Amino acid sequence: MRRVLITGALGQIGSELTVAMREIYGKQNVIASSRSASEGQQDLIESGPFEVIDVTDGERIAEVVKQYKVDTIVHLAAILSAVGEQNPALAWDVNINGLYNVLEVAKEEGCAVCTPSSIAVFGDSTPKDNTPQDTIQRPSTMYGITKVTGELLCDYYYLKYGVDTRGVRFPGLISYATLPGGGTTDYAVHIYYDALKHKRYSSFIAEGTKMDMMYMPDALMAISTLLEANPDKLIHRNAFNITAMSFAPEHIAAEIKKHIPEFEMTYDVDPVRQAIADSWPNSLDDSAAREEWGWNPKYDLASMTTDMLEKLRVKLGL
Ligand code: NAD
Ligand code: AKB
């Protein structure tokens with residue numbers, strides 16, 4: 001049985017992954033952590049082992065890994081794209097030094113490391129449609145730069161020190177449980193809240209801007225499956241393209257309208273996030289993940305929208 005430490009566990013992915021992993025490995029075998037215990041998520045903090053870890057503090061990571069005899073670190077603590085453009089120095093510090101600290105502890109203590117990369121590793125010079133697994137990676141955001149560096153760093157620790165590193169390039173993730181933490185794809189979560197609460201949404205991403213997206217249950221399945229995948233089959237260990245759907249704002253609005261006919265969308269485009277979105281792919285080729293570890297998402301735009309609206313209605317008491 002694995003003993004897993006999750007960093008950034010109170011964020012959009014971690015808050016759900018912690019629960020999912022506790023079901024797989026047992027409550028006491030999954031240690032949640034974040035930089036502070038006052039980010040909300042009190043239920044999660046009280047539902048099993050929780051430790052305060054700022055990932056820029058390597059000694060603290062080592063202390064907790066030794067204390068709980070951790071053998072696997074799922075590293076989620078990060079600064080996302082939009083916040084990263086507001087504070088590039090913070091993005092560099094958390095995303096690069098935090099990952100370096102995690103990898104150093106993993107090397108010393110013999111832990112496996114699973115950490116997500118992102119579609120942000122691609123840039124304007126990358127082929128936009130059906131973006132290949134192995135292609136040009138010249139991102140224009142600090143977030144993207146840290147994610148490319150992260151992929152390379154994870155490869156390095158695997159090749160040089162034998163650390164069992166694994167990771168996927170997540171597209172925009174959509175979930176009803178926890179709000180996203182300051183990215184460019186966040187509009188595709190906010191739209192559901194506003195559709196239910198106000199019957200309208202003002203999109204900060206322009207009409208016609210296609211990006212890859214995924215519903216959270218598929219994202220959780222991706223991490224759990226890749227973590228347990230046969231290492232002999234993994235050629236692209238730290239950087240698997242994965243996707244479940246690709247759409248522009250008008251497509252998600254049209255899908256929501258099928259459930260809420262009076263829903264209206266307007267546009268108030270944010271130039272910073274629009275420039276980021278324009279630099280990312282329209283759609284990814286995820287065939288390497290399908291071949292090497294059986295990636296096979298369950299949700300498309302229609303089934304995700306039905307489930308999101310149903311779950312959010314309950315959550316918002318509507
Ligand atoms: P999030 O912003 O929701 O959560 C990140 C968490 O990390 C937050 O709770 C934050 O408080 C914490 N954190 C920030 N600085 C920290 C520090 N110094 N020490 C410890 N904790 C710190 O992010 P997320 O969406 O859950 O993303 C998790 C990972 O997945 C990141 O690596 C991100 O780049 C990647 N990813 C996410 C998406 C997405 O759409 N959510 C898409 C692609 C990749
Ligand atoms: C963001 O928009 O920053 C994230 C991502 C795709 O990495 N959702």
Side-chain angles (χ1 to χ4, degrees), residues 5-18 32-41 44-45 51-58 60-61 64 73-87 90-99 101-102 113-122 139 141-144 146-151 154 167-175 177-190 204-205 209 211-216 218-220 222-223 238-244 270 272-274 276-277 279-281 284:
L5 169 66
I6 304 182
T7 71
L10 304 184
Q12 192 196 11
I13 302 176
S15 57
E16 293 195 58
L17 187 67
T18 301
S33 74
S34 196
R35 65 182 155 179
S36 124
S38 51
E39 282 181 61
Q41 309 279 11
L44 187 70
I45 290 171
E51 295 290 335
V52 172
I53 298 178
D54 183 326
V55 293
T56 60
D57 179 353
R60 177 67 183 139
I61 302 171
V64 173
I73 305 175
V74 177
H75 177 48
L76 301 176
I79 303 299
L80 276 75
S81 60
V83 177
E85 287 312 282
Q86 285 161 6
N87 196 340
L90 178 69
W92 180 267
D93 190 29
V94 175
N95 297 7
I96 299 296
N97 296 327
L99 176 59
N101 290 336
V102 164
V113 174
C114 184
T115 191
S117 184
S118 161
I119 52 170
V121 295
F122 300 118
T141 61
M142 180 54 90
Y143 176 63
T146 66
K147 286 292 166 184
V148 176
T149 311
E151 289 183 1
C154 287
V168 293
R169 292 176 180 145
F170 274 136
L173 300 183
I174 295 162
S175 59
T178 302
L179 284 167
T184 303
T185 56
D186 297 10
Y187 90 88
V189 178
H190 297 310
F204 60 78
I205 294 295
T209 313
M211 286 185 277
D212 289 276
M213 302 279 177
M214 185 181 294
Y215 197 31
M216 190 58 85
D218 280 329
L220 302 181
I223 296 181
N238 296 302
F240 285 102
N241 280 3
I242 57 169
T243 185
D270 168 22
V272 175
R273 285 177 288 187
Q274 184 61 39
I276 298 174
S279 76
W280 290 354
L284 292 186

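None of the values given here were measured: they were computed from a predicted structure. Order of appearance sets the numbers: ligands from 1, and atoms from 1 within every ligand.
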For this session: Mind running side chain to side chain contact (heavy atoms under 4.5 Å, CB included) on C114 and I223 for me, showing each step along the way?
Result: CA-CA 8 Å; C114 184; I223 296 181; 4.1 Å; yes
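- Side chain of D186 to main chain of G182: a donor-acceptor pair is present (N/O by atom type, distance under 3.5 Å, no hydrogens or angles).
- Looking at atom 4 (C) of ligand 2, its nearest protein heavy atom turns out to be L80 CD2, 3.7 Å.
- Where the criterion is an N or O separation shorter than 3.5 Å, residue side chain and backbone included, Y143 meets it with respect to ligand 1.
- The shortest heavy-atom contact between L10 and S36 is CD1-O, 3.7 Å.
- Among protein heavy atoms, atom 20 (C) of ligand 1 sits closest to I53 O, 3.2 Å.
- For ligand 1, the atoms sitting less than 4.0 Å from at least one non-hydrogen atom of P171 are 40 (O), 42 (C), 43 (C), numbered in the order shown with element in parentheses.
- The contact set between ligand 1 and S117, taken as ligand atoms under 4.0 Å from a residue heavy atom, comprises 43 (C), 44 (C).
- Closest non-hydrogen pair, L179 versus V189, comes out as CD2-CG1, 4.3 Å.
- Atom 21 (N) of ligand 1 has as its closest protein heavy atom A77 CB, 3.4 Å.
- Annotation: W280 places no N or O atom under 3.5 Å from an N or O atom of ligand 2; distance criterion only.
- Using a 4.0 Å heavy-atom cutoff, G172 is listed among the residues neighbouring ligand 1.
- The residue R169 has no part lying near ligand 1, judged by heavy-atom distances below 4.0 Å.
- Contacts of A120 with ligand 2, taken as heavy-atom pairs under 4.0 Å, are absent altogether.
- Contacts with ligand 1 closer than 4.0 Å are made by no heavy atom of P180, backbone or side chain.
- Neither the backbone nor the side chain of S33 has any atom closer than 4.0 Å to an atom of ligand 1 (non-hydrogen atoms only).
- Between S36 and ligand 1 there is no heavy-atom distance shorter than 4.0 Å.
- A donor-acceptor contact under 3.5 angstrom links the side chains of T209 and Q274, judged on distance only.
- Near S81, meaning under 4.0 Å from one of its heavy atoms, ligand 2 places the atoms 1 (C), 2 (O), 3 (O).
- Between the side chain of Q12 and the main chain of G181, no donor-acceptor pair closer than 3.5 Å is present.
- Residue contact check: G8 has heavy atoms under 4.0 Å from atoms 6 (C), 7 (O) of ligand 1.
- With hydrogens and angles disregarded, a donor-acceptor distance shorter than 3.5 Å links the side chain of D212 to the backbone of L284.
- For the residue pair E51 / S33, no side-chain donor-acceptor distance below 3.5 Å is found, with atom types taken as modelled.
- Residue-ligand proximity, K147 to ligand 1, at heavy-atom distances under 4.0 Å covers atoms 31 (C), 32 (O), 33 (C), 34 (O).
- No donor-acceptor pair closer than 3.5 Å links the side chain of R35 to the backbone N or O of T7.
- With respect to atom 4 (O) of ligand 1, the closest heavy atom belonging to the protein is G11 CA, 3.3 Å.
- Comparing G150, S34, G181, G182 by heavy-atom distance to atom 12 (C) of ligand 1, the nearest is S34.
- The two atoms that bring N95 and A78 nearest to each other are OD1-CA, 3.4 Å, heavy atoms only.
- Close approach to P116 involves these atoms of ligand 1, each under 4.0 Å from a residue heavy atom: 29 (C), 30 (O), 32 (O), 35 (C).
- Close approach of ligand 1 to L80 (heavy-atom distance below 4.0 Å) involves ligand atoms 2 (O), 23 (O), 25 (O).
- At least one heavy atom of L10 sits under 4.0 Å from some atom of ligand 1.
- Nearest protein heavy-atom contact of atom 19 (N) of ligand 1 is V55 N, 3.0 Å.
- Of the protein's non-hydrogen atoms, T185 OG1, 2.8 Å is the one closest to atom 8 (N) of ligand 2.
- Judged purely by atom type and a 3.5 angstrom limit, S279 uses its side chain to pair as donor or acceptor with the backbone of I276.
- Using a 4.0 Å cut-off between charged nitrogen and carboxylate oxygen, R273 and D270 count as a salt-bridge pair.
- Listed by number with element, the atoms of ligand 2 under 4.0 Å from a non-hydrogen atom of S118 are 5 (C), 6 (C), 7 (O).
- With a heavy-atom cut-off of 4.0 Å, I119 touches ligand 2 through its side chain alone.
- Remark: distances from the non-hydrogen atoms of H75 to ligand 1 are all 4.0 Å or more.
- Protein heavy atom at the shortest distance from atom 41 (N) of ligand 1 is Q12 OE1, 2.8 Å.
- In terms of modelled atom types and a separation under 3.5 Å, the side chain of S81 and the main chain of G183 share no donor-acceptor contact.
- Looking at atom 26 (O) of ligand 1, its nearest protein heavy atom turns out to be I13 N, 2.9 Å.
- Using modelled atom types, one side-chain atom of E85 and one backbone atom of M142 make a donor-acceptor pair closer than 3.5 Å.
- At a 4.0 Å heavy-atom cut-off, ligand 1 touches L173 through backbone and side chain alike.
- Taken from CE in M211 to OG1 in T185, the straight-line distance is 6.5 Å, to the nearest 0.5 Å.
- Between the side chain of S118 and the backbone N or O of R169, no donor-acceptor pair lies under 3.5 Å.
- Side chain of K147 to backbone of P116: a donor-acceptor contact under 3.5 angstrom is found.
- Within the listing of ligand 1, atoms 8 (C), 9 (O), 10 (C), 11 (O) sit less than 4.0 angstrom from a heavy atom of E39.
- The shortest non-hydrogen separation linking V55 to I61 is O-CD1, 3.6 Å.
- With hydrogens left out, the protein atom closest to atom 28 (C) of ligand 1 is L76 O, 3.2 Å, a heavy atom.
- Relative ring orientation between F204 and Y187 is described as perpendicular, the plane-to-plane angle rising above 60° on a 0-90° scale split at 30° and 60°.
- Near A78, meaning under 4.0 Å from any of its heavy atoms, are these atoms of ligand 1: 5 (C), 7 (O), 14 (C), 31 (C), 32 (O).
- Shortest contact from atom 18 (N) of ligand 1 to any protein heavy atom: D54 OD1, 2.9 Å.
- Atom 2 (O) of ligand 2 has its closest protein heavy atom at T184 N, 2.7 Å.
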For this session: Could you go through the side chain to side chain contact (heavy atoms under 4.5 Å, CB included) check for W280 and T184 one step at a time?
Result: CA-CA 10 Å; W280 290 354; T184 303; 3.8 Å; yes
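- Of the candidates R35, R60, E16, R35 brings a heavy atom nearest to atom 16 (C) of ligand 1.
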